[in-house]
Amino acid sequence: MREQLLERLTTALGELLQEAGDTDAVPTPVLEIPRQADHGDFATNVAMTLAKRLRRKPRDIAEALVDRLGDAGGLLKSSDIAGPGFINFRLAENAWQNLLCDIAEAADGYGRSEGGVGSKVQVEFVSANPTGPLSTGHGRQAVLGDAICRLLEATGHEVTREYYFNNGGRQMRVLGQSVKARYLEQLGRASAPSDAALADPENAWEETRDGLPVAFPSDGYQGDYIADIAAALVDEFAEALVDEDPSDRFRERAQAAIFEDIRGTLDRIGIAFDVYYNEQSLYDEGKLEAAIEDLRAKDLIFDADGAVWLRSTSFGLDRDRVVIKSSGEPTYLLPDIAYHREKFRRGFDTIVDVQGADHIEQFPFVRTATEALGFDGSKIELVMHQFVTVTSGGEQVKQSTRKATFITIDELLDQIGADVFRFFMVERKADSHLDFDLDLARDKNWRKNPTYYVQYAHARSCGLARKAAEAGVAMPGPRDFDPSQLVLEEEIAIVKKLAEFPELIARAAASREPHHIAYYLRDVAGLWNPYLQDGKAHRILSDDEALTQARLGLSLAVRVVLKNGLALLGISAPEQM
RNA sequence: GCCCCGAUAGCUCAGCUGGAUAGAGCAGUCGCCUUCUAAGCGACGGGUCACAGGUUCGAAUCCUGUUCGGGGCGCCA
C-alpha cells in the first residue's frame, strides 16, 4: 500500500526535479504514518527537505508535487498541504478494502518478503558452556536470537542457528572436581564444606572437617544438579571411581548430563540449533595455529613475559591482549578469533552474534582482529542484550551461577509455559534491562497478560468460524466476499493496521528488533477484541448476507496477521482457549 | 580513571532512525457488559521526555558536558 504510493511520489518528484533542471539523484521521500489520525494515512516532509536544494518555499514545492501526483491512479482520496510544508495523503477507501482479499489469499505468506534471498546469515546465540542449567539471562538470549532468525527467514534469508560451546579448560576441570567431591561425600569419604566456607571461601575454607578431607573446590559449582549427577555415578559405579581423575568420567558425565538438560530446556521453548560448534574442534583441526600464523604474518603477534600477545593497540584499541598464556594454554580470545575466521571461511554473508552485556568488551577485539586478517568486519554484527533481573515480592532475586541461586528457565516454564515465557522475554528492546516480575509470572490469574490477549484475539477469530458453521453460514474464500461492505471507521482502522505488517517485518528484521512485532500484535488485538466485543454496534453474523460475508472476510485477514505475527515470535496461535 | 547500555505517566515499557497536540499495558477513579468465548468495553486523572547547553525551519530522538542506575575494564570464560 505504502510502496505503491511511494513509487508514485518518487516518480512525481523526479519529474519535478528534472523540470527544475536538477539532474542529481532523486531522493527517496520519507513516507510515514502520522501520529495524529486527522493528518491522514501517510505524510511526507519531502517538500521541506528539498526547500534548500530547489531554492523554493516548502509549501510551493508541496503544491507542485500534489498537482503532479493527482489521485495517483485512483489510489488517493485527497492530498493536503499542512503546517510548514507537510503533505498529508488520504487513501481511497477501496484501496484499503481490497487489501483484505490480498491478505486472506496470501495467508501464511502475508508479511513475508524476498529482500534477503541469496543471503546466508549465521546467528550465534545462547552458547552457554555446559556447567549448569540455563538461566533467565540465557533464556532471554535464546528467545531473542530465535526471533531474529525467524524474522530473517521471513525476509528471505538463509539462516543457520549456531550454538558455540567450550567443554574444555578450567571451568570444566572445576566442574569435574565438583562432581567428584559430591561423589566422595556421598560415599562418606569426604566432608562437605561448611556454609560459612561456601559463603566466604577466601577466609573460611577448611582443608578437613569432622575428621574427613574437604574435597569440594573452593570455586566449585554448588548447585543441586551436581549432587544429582554424583548420585547417579554412585548408583552405577559404587566405589569404583574413588581414584579416578576428576577430569575423566566425572567431567564427561557431568557435561553430558548438563548438555542433555540444556537441550531439553531449549526444546521446551521450541528452539533447535542447526549447528552445535565445539570450541575443541578448533584445537583439533589446527585452527588456532592457523589463526596465529595469519596474525603473525601481519605482525600482530608478539611475545612478552612468557606469553603470546595480540598487538591490538596497533588497530586503535586501548590495550594489547594475551592470546596464549605462559602456561601454553590459549585464552578465550584466541579461539574466538579463530572461530570468527572460520565463520567467514564458511561463506556467511552476515554474521550475527547475540551476546549478553557482560561479553561486550570482547567484541571489538574479535572484530578488529578478523578485519586484520583480511575479512570484512562490518559483516559481523553484535546484538547485545542487557541483563534480566527477576523481582519477587518487590525485591530483586540475587542470581549467581556458581552458587546456583539463579532461577532456571525450566522452573519458569513449569509455571508459565513456553508461550508466555517467550512473549515476556522478547517484548522489551534488547538493550533495555528486562525486569521479569516473578509474582506476575506465578500468578495463575492471567487476566491482563498480553500473551493471552493476543492469543485470545486469534482464538475468537477462529471461534467466529465455528459459530458461523453452527448457523449454517460458510466461511468465504479469500476472494468470495465484497470488502467494500466494510465502511465503519473501526473496520477501516483494522485494515490500516493490518496493512502495516509487511513493512514492520522488514524493519524489525533489518534492525534485529523483534520487540516491534510484540507491540504490533498488541495493537492488532487491541483493535480486534473491542470490535468483536461490541456486538451491539455491529454484529458480524447478521441477516445481511453480504455484510456477514465481508466481516467474516475481515476476521480471516485478522487471523492471518495474528497467526503469522505470533509465529515470528515462536508463540502458538491456538484456535481455542 | 576508562569503555558500553539505560533514564519518557505511580509501575513496566514503546516511540517507525529529525516531524505536527507525547503513546500503550498495568495500577487508580467512574461507568457499561447474563457477549459472535471466559482474562471484556468505554471514559477520566496522570508528563519540565534526568539536568544544562548546542546543531536547524523543527529535538524525547543527533552532538557536548553533568547527575543517577546497570554491566565491563584478568595470563577467567
Side-chain angles (χ1 to χ4, degrees), chain A residues 30 32-36 38-39 43-45 48-49 51-52 58 82-86 88 127-129 131 166 169-172 219 279 304-309 317-319 321-333 335-336 356-364 382 384-387 389 391 427-437 440 445-450 452-453 456 459-468 470-471 500 503-504 507-508 511 513 515-516 518-520 522-523 526 529-536 538-542 548 551-552 555 576-577:
Chain A
V30 173
E32 60 170 18
I33 299 171
R35 262 205 288 258
Q36 299 287 117
D38 53 314
H39 287 152
T44 182
N45 62 353
M48 286 179 284
T49 61
K52 264 186 190 160
F86 291 103
N88 295 332
S127 294
N129 289 339
T131 60
N166 174 15
R170 204 187 70 89
Q171 260 191 336
M172 299 304 289
D219 54 355
E279 182 187 318
D305 306 330
V308 180
W309 296 70
L317 295 171
D318 61 348
R319 67 185 201 281
R321 295 280 304 267
V322 170
V323 288
I324 298 179
K325 298 184 255 183
S326 52
S327 66
E329 257 185 320
T331 62
Y332 181 78
L333 180 59
D336 216 6
D358 55 337
H359 274 232
I360 176 97
E361 205 267 336
Q362 182 85 358
F363 186 74
L382 176 66
M384 189 201 58
H385 67 88
Q386 293 293 327
F387 281 10
T389 53
T391 45
E427 193 187 17
R428 307 270 155 76
K429 194 169 56 176
D431 36 45
S432 294
H433 281 256
L434 196 157
D435 188 23
F436 202 107
D437 187 336
L440 184 64
N445 184 5
W446 284 98
R447 298 185 308 175
K448 306 299 183 188
N449 190 313
Y452 293 147
Y453 190 68
Y456 184 52
R460 283 175 106 174
S461 201
C462 297
L464 219 43
R466 290 190 294 271
K467 204 76 188 177
E470 281 171 28
E500 294 174 26
E503 193 181 322
L504 173 82
R507 203 177 72 231
S511 62
E513 292 179 326
H515 73 277
H516 291 302
Y519 274 87
Y520 172 77
R522 290 171 70 154
D523 284 349
N529 281 335
Y531 174 76
L532 210 54
Q533 182 75 14
D534 195 354
K536 281 184 178 155
H538 39 64
R539 301 275 309 174
I540 288 179
L541 303 172
S542 70
T548 297
R551 286 176 173 162
L552 286 173
S555 85
Q576 248 173 309
M577 291 185 79

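What's counted below: heavy atoms across the whole structure, side chains too, no hydrogens, waters or symmetry copies. As the structure is a computational prediction, the values presented were derived from the model and not from experiment. Letters A, B, ... are given to chains in the order of the sequence lines, protein chains preceding strands, and every chain is numbered from 1.
Rounded to whole Å, the separation between the C1' atoms of B/C57 and B/C16 comes to 22 Å. B/G65 and B/C2: their P atoms are spaced 10 Å apart (whole Å). One P atom belongs to B/G46, the other to B/G23, and the distance between them is 15 Å to the nearest Å. For B/G70 and B/A24, the C1' atoms lie 25 Å apart once the distance is rounded to whole Å. Taking atom P in both B/A20 and B/U64, one finds a spacing of 24 Å when rounded to whole Å. Across the C1' atoms, B/A59 and B/U48 are found 15 Å apart, a figure rounded to whole Å. On the C1' atoms, B/U29 is 35 Å away from B/G19, given to the nearest whole Å. B/G58 and B/G6 have their C1' atoms separated by 26 Å, with the value rounded to a whole Å.
Using a 4.0 Å heavy-atom distance criterion, A/Gln576 is classed as a base contact. At the heavy-atom level, A/Asp336 lies nowhere under 4.0 Å from the strands shown. At the heavy-atom level, A/His385 lies nowhere under 4.0 Å from the strands shown. Within 4.0 Å of A/His516, counting heavy atoms only, lie sugar-phosphate atoms of the nucleic acid but no base atom. As judged by a 4.0 angstrom heavy-atom cut-off over every strand, A/Asn166 is placed among residues touching the sugar-phosphate backbone only.
The side chain of A/Pro530 approaches B/G42 more closely than any other nucleotide in the set B/G15, B/G40, B/G42. Out of B/U17, B/U37, B/A77, the shortest distance to the side chain of A/Arg466 is found at B/U37. Candidate nucleotides B/C73, B/C75, B/C41 were compared by shortest atom distance to the side chain of A/Arg319, and B/C73 ranks first. The nucleotide whose nearest atom lies closest to any side-chain atom of A/Gln171 is, among B/C75, B/A77, B/G6, B/A77. Considering only side-chain atoms of A/Ala357, the nucleotide from B/G71, B/A77, B/C13 that sits closest is B/G71. Ranking B/U37, B/G69, B/A24 by closeness to the A/His433 side chain, first place goes to B/G69. Closest to the side chain of A/Ser432, from the set B/C75, B/A14, B/A20, is B/A14.
Summary of the strand contacts: A/Ala430 and A/Gly463 both lie near RNA chain B, and taking for each the nucleotide with the nearest heavy atom, the more 5' one is attributed to A/Ala430. Residues A/Glu427 and A/Met48 both approach RNA chain B. Their nearest nucleotides, taken by heavy-atom distance, put A/Glu427 toward the 5′ side.
With hydrogens and angles left out, the side chain of A/Ser326 and the base of B/C75 share a donor-acceptor pair within 3.5 Å. For B/G71, its base never sits under 3.5 Å from the side chain of A/Asp358 at any donor and acceptor pair. Side chain A/Asp523 to base B/A14: no donor-acceptor pair is found below 3.5 Å.
Annotation: side chain of A/Leu464 is in contact with side chain of A/Ile540 (closest heavy-atom distance under 4.5 Å).
By the 5.5 angstrom centroid cut-off and the 30-degree plane limit, A/Phe86 is classified as stacked against the base of B/A20.
In the model, A/Asp431 has no side-chain atom that pairs as donor or acceptor with a side-chain atom of A/Gln386 under 3.5 Å. No side-chain donor-acceptor contact under 3.5 Å links A/Arg460 and A/Gln576.
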Dot-bracket for RNA chain B, please. Rules: Watson-Crick or G-U, both distances under 3.5 Å, ( ) within the strand, [ ] when a pair crosses earlier ones, | for another strand, . otherwise.
(((((((..((((.....[...)))).(((((.......))))).....(((((..]....))))))))))))....
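Under the 4.0 Å criterion applied to side-chain N and carboxylate O atoms, A/Glu32 and A/Arg507 are not assigned as salt-bridge partners.
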